[in-house]
Amino acid sequence: MSVLTEYDGQVALVTGGAGGIGEAVATVLAGAGARVVVADLNGAGARATADRIGGLGVELDVREPDSVAAAVAAAAGLGPIRVLVNSAGVVGGAGPLRSLPLAAFTAVWQVNVAGTFLVTQAVANAMIDHGSGGAIVNISSVGALQPTVGLGHYEATKAAVNALTRSAALELAEFGIRVNAIAPGPVDTPFTRQALADPVARAEWLAKIPLARIASPADLVALVLLLASDQARHLTGAVIPVDGGQSLGGAR
Ligand SMILES: NC(=O)c1ccc[n+]([C@@H]2O[C@H](COP(=O)([O-])OP(=O)(O)OC[C@H]3O[C@@H](n4cnc5c(N)ncnc54)[C@H](O)[C@@H]3O)[C@@H](O)[C@H]2O)c1
């Protein structure tokens, strides 16, 4: 049986679905038969993705409880939400911790941590109300384990996402809700495009990756679909690297 055949009619909410990894996940979920709600701060982008894949596009600010409640209600209006993919995220620039403004730290924290918390809370409660379980997949980062100079603020948020993943998995297991995360290394998306265009930065990244390639969103979606499917029914609380071996920390 293929994980691609398992989503017929299931409602899946994908945050950050206007671009990058979220858009790729939304596209493949829709191709697998899910009814996908594409939710993003970029409302026009969310609607454009949704129109392309035959889903529902909604504007969502994951930092705002009212906005989260509205997006979750829109998704639940299509039927019980079975899948949530928390892909909305920001990096918020780069800078050494000793000079990083508190405002920069807080801004990233609000989206990546508070946002993941708020959407997880709202969707988990909707899943519990319906009583048929579900699956949540968070998009973390290899940076949670492997620091890079200048990205400490961002990496701290992803370490927090890993902790939220484990706590939520523990608390939601009794309701048949599984919570897992993937931890990508660098992926070619709008998020990284500027940095990847710099040949020196690109070479430095590649040197850390045993498989010596920068991922594309397509390299991640199969694992997200597996984690969200019933074939992963005994898997919860895991944070799985998809990083070409970067987190091994070895040298070539
Ligand atoms: N690209 C990478 O190298 C990489 C590596 C590891 C992890 N990640 C993580 O993957 C996730 C997706 O990143 P991406 O590379 O697809 O980036 P992206 O910038 O292409 O997509 C992120 C999306 O999140 C949306 N967003 C931002 N703030 C939001 C908010 N407040 N509410 C709702 N939506 C909001 C953006 O509009 C955008 O469409 C992020 O959580 C990121 O931290 C990315």
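Each ligand, and each atom within it, is numbered from 1 in the order the structure gives.
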Yes or no: does [X] have any heavy atom under 4.0 Å from an atom of ligand 1?
X	answer
G115	no
E64	no
A215	no
L60	yes
S140	yes

Show which atoms of ligand 1 fall inside a sub-4.0 Å distance from at least one heavy-atom site of [X].
X	value
V111	28 (N), 31 (N)
I21	10 (O), 15 (O), 16 (O), 44 (C)
D61	30 (C), 31 (N), 32 (N)
I139	9 (C), 10 (O), 11 (C), 41 (O)
V90	27 (C), 28 (N)

Counting only heavy atoms, tell me which of [options] gets closest to [atom].
atom	options	answer
atom 24 (O) of ligand 1	G17, A181, A18, A88	A88
atom 11 (C) of ligand 1	G89, S87, S67, G20	S87
atom 14 (P) of ligand 1	T189, T157, T192	T189

message: Is there a polar contact between ligand 1 and V187, counting only N or O atoms under 3.5 Å apart?
response: yes

- line: Any heavy atom of Q110 under 4.0 Å from ligand 1? The part involved is neither

- request: Give a yes-or-no answer on whether the side chains of N162 and S140 include a donor-acceptor pair shorter than 3.5 Å.
  value: yes

